[in-house]
Amino acid sequence: MTTDNNARRPLRLGMVGGGEGAYIGNIHRIAARQDGALQLVAGAFDVDAARGHKFAASQGLAADRSYGDYKQMLEAELKREDRVDVVAICTPNHTHFPIAKAFLEAGFDVICEKPLTTTLEDAVALDALVKQTGRFMGVTYTYSGYPMIHEAREMVSAGKLGKIRVVQVEYPLEWMATAIESEGNAQAAWRTDPKKSGRGGSIGDIGTHAYHLAGFVTGLKAQAITADLATFVEGRQLDDNAHVMIRYEGGARGLLWSSQVAIGCSNGVRLRVFGEKGSLQWFQENPNDLLFTGLLGRTELIKRGAGDLSEAAKSRTRTPPGHPEGYLEAFANLYSGFAEAINARREGRAPTAIGQNIPLAYDGLKGVAFVDAVVDSSQADGQPWLTPVAV
Ligand code: NAI
């Protein structure tokens, strides 16, 4: 790693959500620990205060840093000299906005889960608040933490593929192929409730990851989209499958598929980018490899850890090639990047490579705008073509 974070104290991290049995909070904690750039010191971990306190104790937190809810946490932390520096929001979608708004307004930096908010209005307001307050807000678009995704981005921007023509991106999952939301699966229950999830089902939950990934690697801006959402599981209130066609500025075409009912596919995020001179392929089940094919048809296997990779990729690599790195390291790269960006701002300098090209509030806003346009388009039977970013 090229960050010099070890030379200073770790940033003090507070967490909202991510309690016992929750999914992503634990990944955030592992990510924060991995490079030692952040240290968890406080939290309001659960919608149930008692369960949250029990969980905080299990994490070795001081009892006076465990809070019944985020408002108590905010008030008490503000009074402390050793208050948290940054707050990670790991709660269901509908709570992101009020929690993020409260902490940003009080002067804290924030790391927020995607989708940023459940309405475009709230996403616009949060992005504006970040600009107005000067606070940092990172959004955890996990897949942009992978070193080989950064390598792909560098290759596209260096013109190795020529002008981009076609982008194919997909995020298929299988876990919601049956109505598990009515069989006691709490994670599926809030994800299929429009009040908690927002207007998108699969498109908000995982389509936003795919959309960000495609835009991140290619640098292309969506000009218009048309979409076909489907709900295959009877009684489900939101889409569990989405097909979206994207027209990018400059003429490139994109096709995005997200699905929660794709039996046999478990987190099979796949990106393929085709240009005038070559193509790139990346598959998250094999994330250490990036395939490049040139015009003559030879395919090159580019391995994570290879000596001639970009600084963007190297700075996100811990072990030599052949020792696999994966999802947890990618998430840690986001965390270390966020910490580096915060430290650089405090120290009045430019961030090192790992703190550059990280997902921020505006990327979160773009994701919410995308979901909105997809739902609108699908409700209008795929017509008209809509522009996702209306800001
Ligand atoms: P989950 O249902 O597993 O956990 C949610 C946690 O938040 C629970 O501990 C619950 O008690 C707590 N909680 C709910 N309301 C709260 C409140 N007002 N105050 C404090 N705690 C509260 O949910 P999961 O799957 O971990 O998802 C959480 C968020 O993370 C969602 O926005 C989801 O879209 C996102 N996510 C992102 C992923 C990524 O790759 N970046 C992967 C999975 C989820």
Side-chain angles (χ1 to χ4, degrees), residues 14-31 42-56 58-59 66-74 87-103 110-118 122-123 138-146 171 173 175-176 180-181 184-193 195-198 200-213 238 258 260 266-267 269 284 287 326-328 330-335 338 358-359 363-364 367-368 371:
M15 183 170 278
V16 184
E20 184 63 38
Y23 173 60
I24 205 67
N26 192 40
I27 308 297
H28 282 245
R29 287 187 290 273
I30 294 169
F45 293 102
D46 205 296
V47 71
D48 177 314
R51 221 166 41 192
H53 290 313
K54 199 167 158 213
F55 181 76
S58 79
Q59 298 298 298
S66 169
Y67 301 101
D69 63 40
Y70 79 88
K71 290 180 182 161
Q72 288 172 18
M73 173 167 152
L74 193 156
V87 176
I89 302 172
C90 305
T91 51
N93 307 348
H94 67 298
T95 62
H96 296 175
F97 177 69
I99 300 171
K101 182 170 182 286
F103 280 102
V110 169
I111 295 170
C112 188
E113 264 306 339
K114 47 45 64 182
L116 186 59
T117 60
T118 49
D122 287 351
V139 178
T140 37
Y141 281 121
T142 310
Y143 308 94
S144 61
Y146 279 104
Y171 195 153
L173 277 173
W175 72 296
M176 290 168 70
I180 55 171
E181 62 268 32
N185 186 310
Q187 280 153 346
W190 73 253
R191 278 177 169 82
T192 51
D193 177 351
K195 288 194 207 80
K196 295 183 173 166
S197 192
S202 83
I203 196 67
D205 199 34
I206 50 179
T208 43
H209 276 303
Y211 181 65
H212 178 260
L213 183 63
L238 291 168
S258 65
Q260 293 162 328
S266 35
N267 290 295
V269 185
Q284 117 129 336
Y327 177 74
L328 295 175
F331 218 100
N333 285 336
L334 289 185
Y335 255 75
F338 294 156
I358 51 178
D363 299 294
V368 177
V371 173

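Every value quoted in this text rests on a predicted model; they were computed, and no experiment measured them. We count ligands from 1, going down the list as the structure has it; atoms in each ligand are counted the same way.
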- Task: Inspect the contact between K101 and D122 and indicate whether a charged nitrogen and a carboxylate oxygen are less than 4.0 angstrom apart.
- Result: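 No, D122 and K101 are not salt-bridged.
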- Task: Verify the ring-centre separation between Y327 and Y146: is it less than 6.0 angstrom?
- Result: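 Between Y327 and Y146, which both carry aromatic rings, the centre distance is not below 6.0 Å.
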Please report whether ligand 1 has a polar contact with [X], defined as an N or O pair separated by less than 3.5 Å (distance criterion only).
| X | value |
| --- | --- |
| Y143 | no |
| E20 | no |
| Q187 | yes |
| T95 | no |
| A22 | no |
| G19 | yes |
| Y23 | yes |

Name the closest protein heavy atom to [atom], giving the residue it belongs to and the distance to 0.1 Å.
| atom | value |
| --- | --- |
| atom 10 (C) of ligand 1 | V47 N, 4.1 Å |
| atom 36 (N) of ligand 1 | E113 OE1, 3.7 Å |
| atom 25 (O) of ligand 1 | R191 NH2, 2.9 Å |
| atom 16 (C) of ligand 1 | T91 CG2, 3.6 Å |

- Item | Passing candidate, side-chain contact (heavy atoms from CB on, under 4.5 Å) with C90, options I27, V16, I24, I111 |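 Option passing the side-chain contact (heavy atoms from CB on, under 4.5 Å) with C90: I24.
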- Message: Side chains of H28 and Y335: any donor to acceptor distance under 3.5 Å?
- Response: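 A pair is found: one side chain offers a donor N or O, the other an acceptor, under 3.5 Å apart.
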- I24, I99, V16, D69: member with heavy atom nearest to atom 26 (O) of ligand 1: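 The residue whose heavy atom sits nearest atom 26 (O) of ligand 1 is I24.
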- Pick from G68, P92, G17: the one approaching atom 14 (C) of ligand 1 most closely through a non-hydrogen atom: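 Residue with the shortest heavy-atom distance to the ligand atom: P92.
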- Task: Report the C-alpha distance between F45 and H53 in whole Å, list the side-chain angles of each, state the deciding distance to 0.1 Å, and finish with yes or no for side-chain contact (heavy atoms from CB on, under 4.5 Å).
- Result: CA-CA 8 Å; F45 293 102; H53 290 313; over 6 Å; no
- Could you walk me through whether V269 and H209 pass the side-chain contact (heavy atoms from CB on, under 4.5 Å) check? CA-CA 9 Å; V269 185; H209 276 303; over 6 Å; no
- Message: Show, in sequence, the C-alpha distance, side-chain angles and deciding distance for K114 and D363, and conclude whether the salt bridge (charged side-chain N to carboxylate O under 4.0 Å, His left out) test is met.
- Response: CA-CA 10 Å; K114 47 45 64 182; D363 299 294; over 6 Å; no
Mark up the atoms of ligand 1 that fall under 4.0 Å of a heavy atom belonging to [X], in ascending order.
| X | value |
| --- | --- |
| N93 | 31 (C), 32 (O), 33 (C), 34 (O) |
| T142 | 39 (C), 40 (O), 41 (N) |
| D205 | 34 (O) |
| H96 | 32 (O) |
| A44 | 20 (C), 21 (N) |
| T140 | 41 (N) |
| F45 | 9 (O), 12 (C), 21 (N) |
| P115 | 34 (O) |

- Criterion side-chain contact (heavy atoms from CB on, under 4.5 Å) on I203 and T208, from CA distance to verdict: CA-CA 6 Å; I203 196 67; T208 43; over 6 Å; no
- F338/T140 under side-chain contact (heavy atoms from CB on, under 4.5 Å): CA gap, chis, key distance, verdict: CA-CA 10 Å; F338 294 156; T140 37; 3.9 Å; yes
Closest heavy-atom contact between [X] and [Y]?
| X | Y | value |
| --- | --- | --- |
| L334 | S144 | CD2-OG, 3.9 Å |
| S197 | R191 | OG-O, 3.1 Å |
| Y67 | A42 | CE1-CB, 4.1 Å |
| Y70 | A44 | N-CB, 3.8 Å |
| M15 | G17 | CG-O, 3.5 Å |

- Query: Would you find a donor on one side and an acceptor on the other, under 3.5 Å apart, between the side chain of H96 and the backbone of P115?
  - Reply: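 Looks like yes, one N/O pair under 3.5 Å.
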- For G18, is the nearest heavy atom under 4.0 Å from an atom of ligand 1?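 Distance cut 4.0 Å: G18 passes for ligand 1.
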May I ask you to identify, for [X], whether its side chain, its backbone, both or neither come under 4.0 Å of ligand 1 on a heavy-atom basis?
| X | answer |
| --- | --- |
| W190 | side chain |
| K196 | neither |
| C90 | backbone |

